[in-house]
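Below is one structure, written out as structure tokens; comments come after it.
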Amino acid sequence: MHRQRFYTLSASCPDRTGIVAKVSGFIAEHKGWILETALHAEPSEDAEHRGRYFMRVEIRADSLPFMLTEFRERFAPIAEELQMDWKITDSAVKKRVVVLVSKQEHCLYDLLARWQSKELDIEIPCVISNHDTFRGFVEWHGIPFHHVPVTPDNKARAYAEVQRIFDEVGGDTMVLARYMQILSPELCAANPGKIINIHHSFLPSFVGAKPYHQAYHRGVKLIGATCHYVTSELDQGPIIEQDVIRIDHSDSVEDMVRYGKDIEKAVLARGLRYHLEDRVLVHGNKTVVFR
């Protein structure tokens, strides 16, 4: 990460010649200083259609003669010509991350530790939970805590309240830190590309309760975790990050649960960081992650 302030342009468009030339030429025309570039061409499975081109460019903010509003206005014709899905963000503006949690504490504790140490340089305007378990811990950190119970009879109202809180605090991203509820389709649809989840990588082989117990009895040799975007299709959203740990016959169920918690924390933190730094580009269900 650079010490100086920079803008991050992230984009994807149909592949063609001259994409990099047009984008870098626009930046150079305005004396922009490119600090870092990552590029990827994804070929099409259909020979009759073009593939997809992905790019991420960091530009030193003080090298440009205008701010982001004018950048967007000036760059818009080029983006339209290239049929580009794009955004540009400012490293000086901290992302506001709302954390959702139920009764498992490991991911919440890890995120707050990384936030407090500024390893994750973000703002956490609030934590939302369907239980009151972690109120004292969260409020001890000076973070507002919202208890929003979820029952079979009140799900629509509960998720409308989650959305209200998210909007009220100006949330940019919602992180499900072992939030053990299925979000409503309406909440997912209202926040595309803004909700991140972590779960064990056993899905779909070991669905339901006690996945580690199921895996133990099947004699698995690898356990892991997956960080992905949330969509209305359960656990099918675009994948951001994954990792695994090798185990053997000497490991107990309790060992597996402990290993699983460790890897869930690490994978969630990495996935969230990639998202916050605009290193994840999504087209359909395809993700390109510039690490």
Side chains of [X] and [Y] in contact at under 4.5 Å (non-hydrogen atoms):
X: Val20; Y: Met55; result: yes
X: Ser129; Y: Val101; result: yes
X: Ile27; Y: Lys22; result: no
X: Ser102; Y: Asn130; result: yes
X: Ser63; Y: Lys31; result: no
X: Cys107; Y: Ile198; result: yes
X: Leu272; Y: Ile196; result: yes

| query | For Glu70 and Arg74, what are the C-alpha separation, side-chain angles and deciding distance, and is it a salt bridge (Lys or Arg N to Asp or Glu O under 4.0 Å)? | reply | CA-CA 6 Å; Glu70 188 170 347; Arg74 289 172 178 260; 2.8 Å; yes
| Under 4.0 Å between a Lys/Arg side-chain N and an Asp/Glu carboxylate O for Glu168 and Arg164? | yes
| request: Using a strict cut-off of less than 4.0 Å between a Lys/Arg side-chain nitrogen and an Asp/Glu carboxylate oxygen, indicate whether Glu58 and Arg279 qualify as a salt bridge. | output: yes
Within 6.0 Å of [atom1] in [X], more than 12 heavy atoms from elsewhere:
X: Trp33; atom1: CH2; answer: no
X: Arg218; atom1: CZ; answer: no
X: Lys103; atom1: NZ; answer: no

Strictly by modelled atom types, are [X] and [Y] linked by a side-chain donor-acceptor pair under 3.5 Å?
X: Ser91; Y: Arg5; answer: no
X: Arg178; Y: His199; answer: no
X: Glu264; Y: His106; answer: yes
X: Asn197; Y: Tyr179; answer: no
X: Glu42; Y: His40; answer: yes
X: Thr151; Y: Asp153; answer: no

Centroid-centroid under 6.0 Å between [X] and [Y] rings:
X: Phe75; Y: Phe26; value: yes
X: Phe137; Y: Tyr109; value: yes
X: Tyr229; Y: His275; value: yes

| request: Test Arg60 against Asp62 for salt bridge (Lys or Arg N to Asp or Glu O under 4.0 Å), laying out the working first. | output: CA-CA 6 Å; Arg60 185 167 161 173; Asp62 63 7; 2.7 Å; yes
Decide whether [X] and [Y] are clustered together by the hydrophobic rule: side chain heavy atoms of Ile, Leu, Val, Met, Phe, Trp, Tyr closer than 4.5 Å, transitively.
X: Val288; Y: Ile239; result: no
X: Val148; Y: Val127; result: no
X: Tyr274; Y: Ile263; result: yes
X: Val282; Y: Val267; result: yes
X: Ile165; Y: Leu108; result: no

| remark: Of Leu183, Ile182, Val175, the one forming a side chain to side chain contact (heavy atoms under 4.5 Å, CB included) with Val230 is Leu183
| said: Let's go through Arg270 and Glu241 carefully: what are the C-alpha distance in whole Å and the side-chain angles of both, what is the deciding distance for salt bridge (Lys or Arg N to Asp or Glu O under 4.0 Å) to 0.1 Å, and is it a yes or a no? | reply: CA-CA 7 Å; Arg270 286 203 304 269; Glu241 177 67 347; 2.8 Å; yes
| Backbone N/O of Asp248 and side chain of Asp251: donor-acceptor pair under 3.5 Å | yes
| query | Quick check: does any side chain N or O of Arg56 sit under 3.5 Å from a backbone N or O of Thr8, one acting as donor and the other as acceptor? | reply | no
| query | What do the steps show when you test Ile223 against His200 for side-chain contact (heavy atoms from CB on, under 4.5 Å), and what is the final call? | reply | CA-CA 8 Å; Ile223 61 174; His200 52 82; over 6 Å; no
